[in-house]
Structures are given as C-alpha cells and as structure tokens.
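Okay, so here's the structure we're looking at.
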There are 2 protein chains.
Amino acid sequence: MLDATPRYAQLHIRTGSRHPREQDRRTVTDTARSTTRYGTRPTMKDVAARAGVGLKTVSRVVNGEPGVTPDTERRVQEAITALGFRRNDSARVLRKGRTASIGLVLEDLADPFYGPLNRAVEEVARDHGALLINGSSAEDPAREQELVLALCARRVDGLVIIPAGTDHRYLEPEIAAGVATVFVDRPAGEIEADVVLSDSFGGARDAVAHLIAHGHRRIGFIGDQPRIHTAVERLRGYRAAMDEAGLPVDESWVALGSTEPERVRSAAEAMLDGPAPVTALFSGNNRVTVTVVRVLAGRPRPVALVGFDDFELADLISPGITVVAQDAARLGRTAASLLFRRLDGADEPPQQRVIPTRLIPRGSGELPPPA
Amino acid sequence: MLDATPRYAQLHIRTGSRHPREQDRRTVTDTARSTTRYGTRPTMKDVAARAGVGLKTVSRVVNGEPGVTPDTERRVQEAITALGFRRNDSARVLRKGRTASIGLVLEDLADPFYGPLNRAVEEVARDHGALLINGSSAEDPAREQELVLALCARRVDGLVIIPAGTDHRYLEPEIAAGVATVFVDRPAGEIEADVVLSDSFGGARDAVAHLIAHGHRRIGFIGDQPRIHTAVERLRGYRAAMDEAGLPVDESWVALGSTEPERVRSAAEAMLDGPAPVTALFSGNNRVTVTVVRVLAGRPRPVALVGFDDFELADLISPGITVVAQDAARLGRTAASLLFRRLDGADEPPQQRVIPTRLIPRGSGELPPPA
DNA sequence: TAACGTCTGGACAACGTTGTCAATTCTGGC
DNA sequence: GCCAGAATTGACAACGTTGTCCAGACGTTA
C-alpha cells in the first residue's frame with residue numbers, strides 16, 4: 001500500500017537513463033542542463049559546471065564547510081542563485097544514514113485531544129532539527145501497522161506511536177535496527193518499549209471519589225472499547241473508588257463500547273432509566289462526554305457528571321462540566337524528549353512515565369443526588 | 001535550520017567508508033554483514049548474498065515484478081525474513097525521482113479548526129499512496145518559509161500551504177521545478193497559484209445580515225490581524241451587510257488585531273461600554289468567539305452574537321451560539337484533490353475554488369436588541 | 001634557491017535502490 | 001539429440017549527495 005510508489009503519474013517523463021555509450025562525459029563548458037527545464041532540478045554537478053569548479057567545492061559551499069576562498073564561494077553562490085539550486089536531501093539522507101525526521105502515528109488527526117500532543121511533538125522535533133511525518137491509524141491495527149512500516153521504510157529516525165493494535169512484535173526488527181520508538185497514551189503490546197501514559201487509573205478514581213464525596217452512591221461509567229488500555233484502566237479506577245467507599249457496583253452501571261453517539265446515548269439512557277437508576281455519571285473520554293452532556297441537557301432532573309478529558313468551553317455550559325484533565329501537550333513533549341534522548345544514545349532499559357491528571361470542578365460534578 | 005542534519009548524535013559510528021584498496025569484492029559467500037548488527041540494516045545486497053541470487057532478483061521479488069521462479073522467490077523471501085530486511089525508500093526515491101509524500105504547512109497543529117483539514121488532506125494523500133509531512137508556521141512568515149523550503153529539499157511531490165506570509169516569490173523556483181502547490185484558506189502572495197478559500201466575505205455578510213434581520217442596528221466586529229486575508233474579507237462582508245441595510249458604521253465598532261484573550265476582551269468591553277454601545281457582536285474566528293462568549297457570560301444584559309467558525313458543543317451553551325460554519329474537511333479535501341490532479345498532469349491555469357459557508361442559528365444570534 | 005608546510009580544489013567511491021541489457025537456462029518441437 | 005525461442009537471472013550504471021584522499025598552488029623559512 002504505502003510503499004513509496006505514488007499512485008499518480010510521473011509529471012514529466014524522464015529522458016530515459018542514458019546508456020554509458022551514448023553519454024558523453026560532461027565537460028566544464030557543458031551547460032546543456034543548466035537551462036532550467038521545467039520538472040528537472042539542477043544538481044550540484046550543474047552548479048559546478050556553471051561556476052567552473054569541482055563538484056566537491058559546491059558541496060563545501062552549500063554546507064558551509066571551510067576551505068573555499070571568498071572568490072570561489074561567490075562564484076558558486078551566483079551559480080546556485082542563477083539555477084535555483086536546492087540541495088536534494090533525499091540523496092543526502094542516503095549518504096548520511098539519518099533522515100532527520102520522525103514519525104507520529106495517532107488515532108485521528110482531527111480529534112481535538114491530539115492537536116496539542118501533535119504540536120508538542122512537532123516543537124520538540126523542530127528543536128532537534130527534525131521534521132514530523134504523521135498519520136492516523138483510525139483505531140485500526142492493520143492500518144497502524146501499514147503506516148508504521150511505511151514510516152520505517154522511509155527510514156524515520158524515530159517513532160511516536162499512539163497504538164491502536166495490541167501486538168507490536170512486527171516492530172522488533174525495526175527497533176533492533178535502531179529506530180527509536182516511544183508509545184504514548186497506551187502501552188505497547190507484546191514488546192518492551194518506552195511508554196508515556198496519563199494516570200488513567202488515578203484520574204478515574206479521583207473523579208468517582210469526587211462524586212461519592214458529593215453524596216452519590218449509584219454512579220454509572222460509560223467508557224471506550226475494552227480493548228483500549230485507557231478504558232480498562234479507567235474502569236479499574238472507577239471500581240477502586242467504589243470499593244474504597246464500600247459501595248456495591250451494579251453491573252448495569254458499567255458500559256464499555258464504541259464512542260458512537262448512538263451507543264453512548266442508549267447506554268446513558270439505560271443507566272438513567274433502569275431498575276437501579278444512577279444519580280451520577282462518569283464518562284470515560286471527551287467523545288463520550290460530549291454525547292452524555294447532550295443526553296443530560298434533554299432531561300428534567302439534573303444528573304451529576306464528571307468527564308475524563310478537558311475540552312474547550314466546558315466552563316461555559318451550564319452547569320460547567322467537571323472534568324479530569326489530561327495534559328496532552330505534556331504527554332507529547334515527554335514522549336518526544338524521551339525519543340530524542342534515545343537518539344542521542346541513551347542506553348537505559350525501557351521506561352514508563354506517568355503524567356498526572358487534574359480534577360477541575362466546574363459544577364456538574366458537584367450536583368447533589370436528588371433527595 | 002531544518003536542513004536534514006539532525007541535531008542529535010549518530011547513534012552508531014559508521015565504520016568509515018572503506019577505501020577501495022581495502023575493500024575486497026563481496027562474494028556470494030560473504031555474510032559478514034548478514035548477521036543483524038544493531039544499528040545496521042540489511043540491504044538487498046545482503047539478502048542476495050544470503051539467498052545466493054543476484055541483486056536484481058531480490059529487487060524483483062521485493063517489488064513483485066514478474067520473471068522469478070517460485071523456488072527462487074521462496075529462497076529470497078526466506079532471506080528477507082531471516083534478516084529482517086525492509087526496502088530503503090530513501091534510496092528508492094533517489095532513483096525514481098518521486099518521493100510519494102506531500103507537505104502540509106498550517107498555522108498551528110493544535111488549533112481544532114485545522115484538525116479536520118489535516119485529516120482530510122491525509123486521507124486524500126493516503127488514497128494516492130502518499131505520506132504527509134506537516135508542520136506549524138506559528139503564523140510567522142519566516143518560519144513558514146523555512147519549513148516550506150525544508151520540505152522542498154526533501155523533495156515532497158507537492159505542498160498544501162495555509163500561508164502566514166504575504167510574499168511567496170521564494171517558491172517560484174520550486175514551482176518551476178515541478179512541486180505542485182495549493183494554498184488554502186488564504187491566497188498566495190505575489191505569485192499565481194491554486195487557492196481554495198472559504199467564502200469569508202459571503203459568510204460574514206450573512207452573519208451580519210442575520211443580526212440586522214433580528215433588529216440590531218449597532219453591531220460590532222472583532223476580527224483577526226488585518227494582514228490576514230480572511231480577516232479583511234470578513235470585515236468587507238461586515239461592511240457590505242451594514243451598507244446594504246443602510247446602517248452607518250461607527251469606527252469604534254471595528255477591532256482587528258491579535259486573537260489573544262486579553263486583546264479580544266478589552267476590544268469587546270470597549271464596544272459594549274463605549275459611547276455608542278453595540279447591541280450585537282460578530283466575532284471573526286473561533287478563537288475570538290471563545291473569548292467573547294466568556295465576556296458576555298459575565299454580563300447581566302444579553303448581547304446577540306454570531307461567530308465565524310463552528311465549534312463543538314456550541315449548541316449546549318445557553319443560549320446556543322449562532323455561527324457561520326466553514327467546512328474545514330472539505331477545504332482540505334478540495335485542496336488535496338487539486339494537488340493530486342496537478343501531479344497527475346493537469347495543466348490548467350491556476351484555479352481559485354471557494355467553499356460556501358453555512359449559517360447555523362442556535363439562539364445567540366436571534367436575541368433581540370434591548371428595548 | 002631549495003625544501004617544506006599550508007591551503008584550496010577536484011577525482012572518485014559509496015550510500016541502496018531500479019532500469020537496461022546481455023547472458024544463461026529451460027522448454028517444446030522436430 | 002538438437003535448435004529456436006522464451007523465460008529467468010545477473011552485471012552494471014545511474015540517481016545526487018558526502019567522505020577520503022591526493023595534486024597543485026602558494027607562502028615561508030633556512
């Protein structure tokens with residue numbers, strides 16, 4: 001699929017590789033290619049020919065290496081400007097072995113949760129002189145793998161992965177070959193690797209404890225698919241808080257599954273209108289929260305709510321939505337920094353970093369249960 | 001700066017380029033490099049040696065070309081698996097001339113407005129077998145140029161640019177050399193190029209006309225910096241609507257400038273408490289809207305508001321925020337499609353596409369002026 | 001003036017892949 | 001068993017760059 005063969009035509013047919021017999025040696029005066037032909041970029045050879053110097057001298061000027069007289073340098077610079085030369089980093093990369101680029105694979109570039117993470121990774125990459133190639137796995141393990149391997153084929157120096165799959169053994173040869181790899185938000189499956197996580201367990205426990213502290217005893221949890229690590233951790237936090245308060249958990253109060261609005265809506269309604277109706281809800285991520293807020297807005301009786309993930313304007317809804325905020329930018333920054341530490345040669349065993357979460361009370365989580 | 005020289009150490013020192021005199025010719029039995037050394041990837045040569053076949057045969061197998069007997073293919077596949085070989089697309093790119101990657105330069109990867117655009121561009125790229133390299137200009141023309149030129153040096157096949165600068169002549173040699181380029185959201189400066197825009201003028205006019213239709217006569221406009229094209233267009237739309245209704249515009253009702261909350265807050269307060277207080281506000285983009293909503297939430301008297309750009313949960317704030325919605329995904333899709341049409345050889349003059357906007361009434365824009 | 005070191009510039013190989021083309025092996029028909 | 005023709009395979013150059021090494025030019029010193 002993503003195999004560096006573009007699925008679009010060559011804009012301009014190459015002139016066919018010259019056979020050695022037909023290709024006369026370029027002389028200094030040969031300027032056949034010096035005229036900027038559309039679709040053909042000048043090379044250092046062209047610049048050298050035009051400036052009347054050797055190939056390596058052009059290379060020296062382009063890279064600011066010493067050992068070139070000011071006069072020669074000027075001539076070369078003129079030729080560069082005249083031809084519109086720009087160094088071909090593909091060739092450079094091939095020669096040097098490092099691409100100065102890293103890959104970021106996340107679930108969905110359009111999800112606002114990943115925006116700050118994406119940006120944070122980009123900034124760290126930039127600080128290290130690297131570019132960022134990224135793509136969405138769409139929460140599909142096969143697509144994740146395809147994307148990751150395409151990035152490896154491009155020889156990215158490192159990878160930041162928010163995994164969709166649960167088996168990352170396919171990465172073993174790549175890691176062995178020196179591709180630094182850091183997982184974010186969820187741990188890698190079946191391999192040892194650096195991970196940077198949010199404190200899902202602690203955050204969830206805090207959230208539910210908060211609701212309990214405000215008098216709730218029947219609390220529902222609507223979370224993401226159980227194959228997603230954070231969903232399981234948050235469920236664990238939910239159970240821990242209930243447990244610590246000595247509260248029983250009716251199994252109808254727990255619903256893990258897709259974050260489709262339809263599914264979330266019916267799960268919420270089942271909990272609110274079931275035989276053991278909940279008085280408060282804990283929603284497992286921002287997509288769930290959004291739908292739950294909509295459901296609750298249409299109900300006469302107020303229902304307490306705490307959501308995992310902060311979101312813009314959560315304070316302006318009435319009541320303000322109490323959330324457990326993750327620091328997505330810090331997740332990204334931490335992951336990228338770890339990655340570059342590895343690329344700088346840090347040779348420690350795989351690490352796991354946990355980024356704390358923060359409960360932000362805004363009103364919805366402080367609603368008391370109905371009397 | 002971003003010149004493909006990573007600012008991090010080489011993890012593993014290369015063995016120094018072998019001088020021809022010291023380098024004996026590899027024979028079929030030479031497997032020195034076949035043992036997977038950490039940091040050194042096997043090449044087709046290694047695979048060929050291990051499988052006991054020629055280099056080209058490996059290439060054929062890797063690329064699924066015909067003309068290889070099943071038996072040979074099997075041997076090669078075994079060698080590939082055993083060595084953990086993966087084709088080096090850098091080298092492939094150098095040979096083939098196309099990189100199967102495109103660049104996307106936008107203002108801020110973390111801005112939720114660009115999420116769907118980013119994703120849409122990615123999807124189209126994926127459909128064409130290309131990867132996406134992206135970066136943020138941070139609304140800084142110098143950084144935009146640096147990033148764009150770094151992408152050109154990597155020989156991306158095409159560029160999608162949300163421009164920060166106003167002079168893009170620096171791109172002329174690149175475009176002449178065949179880099180397809182499409183600008184989005186704002187037109188290119190000083191050069192002819194494809195552009196995909198939202199209908200800022202029409203959207204703004206609709207928004208203001210909507211407020212006028214609900215009885216407002218004194219309407220304020222808070223927008224982005226005047227060097228940004230969309231800000232100017234939206235101002236033009238604002239003036240057009242006022243004009244068409246025969247309403248005068250007091251110059252204290254118009255404030256273009258940074259989208260910093262501080263600036264927006266003071267601009268809004270000046271309009272609301274000034275000598276000719278406005279009864280309604282039109283905010284020029286989502287960042288402005290967010291701050292304006294906060295300002296209005298702290299006021300006793302309701303003030304009508306229409307914002308440019310939709311945002312999540314705008315319907316759940318009370319009153320719901322009336323917005324002019326842009327279709328960011330469609331912007332991205334249109335731009336990327338245009339880009340690949342160019343790469344497929346479309347040789348038309350530069351185009352300008354305008355994507356319509358849509359007014360979504362939710363309450364805040366339908367508030368009447370105070371009696 | 002000769003010997004020596006320093007500085008500048010250039011020839012050449014190598015990075016890992018693919019395109020061209022020729023050499024080799026296999027097939028079937030006689 | 002032999003030959004023509006097809007199928008398979010491999011040698012080699014080339015993509016555009018950088019690292020190594022050597023050749024001259026130049027200046028300095030004895």
Side-chain angles (χ1 to χ4, degrees), chain A residues 3-5 14-23 25-26 28 33 40-49 51-73 75-76 85-99 153-155, chain B residues 3-5 13-23 25-26 28 33 40-49 51-63 65-73 75-76 85-99 153-155:
Chain A
D3 68 347
T5 306
R14 313 199 126 231
T15 51
S17 111
R18 289 173 299 264
H19 197 267
R21 279 195 295 269
E22 292 139 320
Q23 176 199 17
R25 194 52 163 256
R26 294 279 173 81
V28 175
R33 253 180 103 187
T40 312
R41 306 210 60 142
T43 71
M44 286 192 177
K45 209 166 172 180
D46 301 312
V47 174
V53 301
L55 188 52
K56 189 60 219 268
T57 301
V58 176
S59 173
R60 272 191 272 263
V61 171
V62 169
N63 295 297
E65 287 168 30
V68 181
T69 51
D71 181 57
T72 309
E73 171 158 5
R75 286 216 316 285
V76 171
F85 167 80
R86 189 168 316 284
R87 184 180 61 200
N88 183 334
D89 278 348
S90 294
R92 174 167 231 249
V93 148
L94 177 61
R95 185 63 232 244
K96 301 209 112 178
R98 279 283 173 107
T99 58
R154 302 297 176 99
R155 294 292 188 268
Chain B
D3 68 348
T5 307
I13 311 302
R14 312 198 127 231
T15 52
S17 111
R18 289 173 299 265
H19 195 269
R21 278 196 295 268
E22 290 139 321
Q23 177 201 14
R25 194 52 164 254
R26 294 278 176 81
V28 173
R33 253 180 102 186
T40 312
R41 305 209 60 141
T43 71
M44 286 192 178
K45 208 167 172 178
D46 300 312
V47 174
V53 301
L55 189 52
K56 189 61 221 262
T57 300
V58 176
S59 172
R60 272 192 271 262
V61 171
V62 169
N63 295 296
E65 287 168 28
V68 181
T69 53
D71 181 58
T72 311
E73 170 158 7
R75 286 216 315 287
V76 171
F85 168 81
R86 190 169 315 285
R87 184 181 61 199
N88 184 333
D89 278 348
S90 294
R92 174 167 232 249
V93 148
L94 177 60
R95 186 62 233 246
K96 301 207 111 179
R98 279 285 174 107
T99 58
R154 301 298 176 99
R155 295 292 188 269

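Reminder, nothing fancy here: chain letters follow the sequence lines and each chain counts from 1. Note that these values count all heavy atoms, side chains included, but never hydrogens, waters or copies made by symmetry.
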Proximal nucleotide (of [options]) relative to the [X] side chain:
X       : options                : answer
B:Met44 : C:dG10, C:dT17, D:dA11 : C:dT17
B:Thr72 : D:dT9, C:dC15, C:dG9   : D:dT9
B:Phe85 : C:dG19, C:dT17, C:dA11 : C:dT17
A:Leu55 : C:dT18, D:dT18, C:dG9  : D:dT18
B:Lys56 : C:dG16, D:dG19, C:dG19 : C:dG19
A:Thr43 : D:dG16, C:dG10, D:dT18 : D:dG16
A:Ala91 : D:dT18, D:dA13, D:dT17 : D:dT17
A:Leu94 : D:dG16, C:dG9, D:dT18  : D:dG16

Spell out, as yes or no, whether a donor-acceptor pair under 3.5 Å connects the side chain of A:Ser90 to the backbone of B:Leu94.
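A pair under 3.5 Å: no.
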Looking at A:Ala153, is its backbone amide N or carbonyl O close enough to the side chain of B:Arg86 to form a donor-acceptor pair, meaning the two atoms are under 3.5 Å apart?
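Checking the backbone N and O of A:Ala153 against the side chain of B:Arg86, no donor-acceptor pair under 3.5 Å is found.
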Reckon B:Val68 touches a base, only the sugar-phosphate, or nothing at all at heavy-atom distances under 4.0 Å?
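Since only primed, P, OP1 and OP2 atoms lie under 4.0 Å of B:Val68, the category is sugar-phosphate.
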Report which part of the nucleic acid B:Thr69 touches: base, sugar-phosphate, or nothing (heavy-atom distance under 4.0 Å, all strands).
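Touches sugar-phosphate only.
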Which atom names give the shortest non-hydrogen contact between B:Phe85 and B:Thr43, and what distance separates them?
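Shortest heavy-atom contact: CE1-C, 3.6 Å.
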Is any side-chain nitrogen or oxygen of [X] closer than 4.0 Å to OP1 or OP2 of [N]?
X        : N      : answer
A:Arg155 : C:dG16 : no
A:Asn63  : D:dT18 : yes
A:Lys96  : D:dG19 : yes
B:Thr57  : D:dG10 : yes
A:Ser59  : D:dT17 : no

Distance-only side-chain donor-acceptor flag, B:Arg87 / B:Asn63, under 3.5 Å
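A donor-acceptor contact under 3.5 Å links the two side chains.
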With a 3.5 Å cut-off and just heavy-atom distances, do the side chain of [X] and the base of [N] make a donor-acceptor pair?
X       : N      : result
B:Arg60 : D:dG10 : yes
B:Arg95 : C:dT18 : yes
A:Lys45 : D:dG16 : no

From [atom1] of [X] over to [atom2] of [N], roughly how many Å is that when rounded to an integer?
X       : N      : atom1 : atom2 : result
B:Asp89 : C:dT17 : CG    : P     : 9 Å
B:Arg92 : D:dT17 : CZ    : C1'   : 20 Å
A:Glu65 : D:dT20 : CD    : P     : 11 Å
A:Arg87 : C:dC15 : CZ    : C1'   : 16 Å

Nearest-0.5 Å distance, OG1 of residue B:Thr99 to CG of residue A:Asp89
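Atom-to-atom, B:Thr99:OG1 and A:Asp89:CG are 11.5 Å apart.
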Straight-line distance of A:Arg60 CZ to A:Leu55 CG, nearest 0.5 Å:
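Reported to 0.5 Å precision, the distance equals 10.0 Å.
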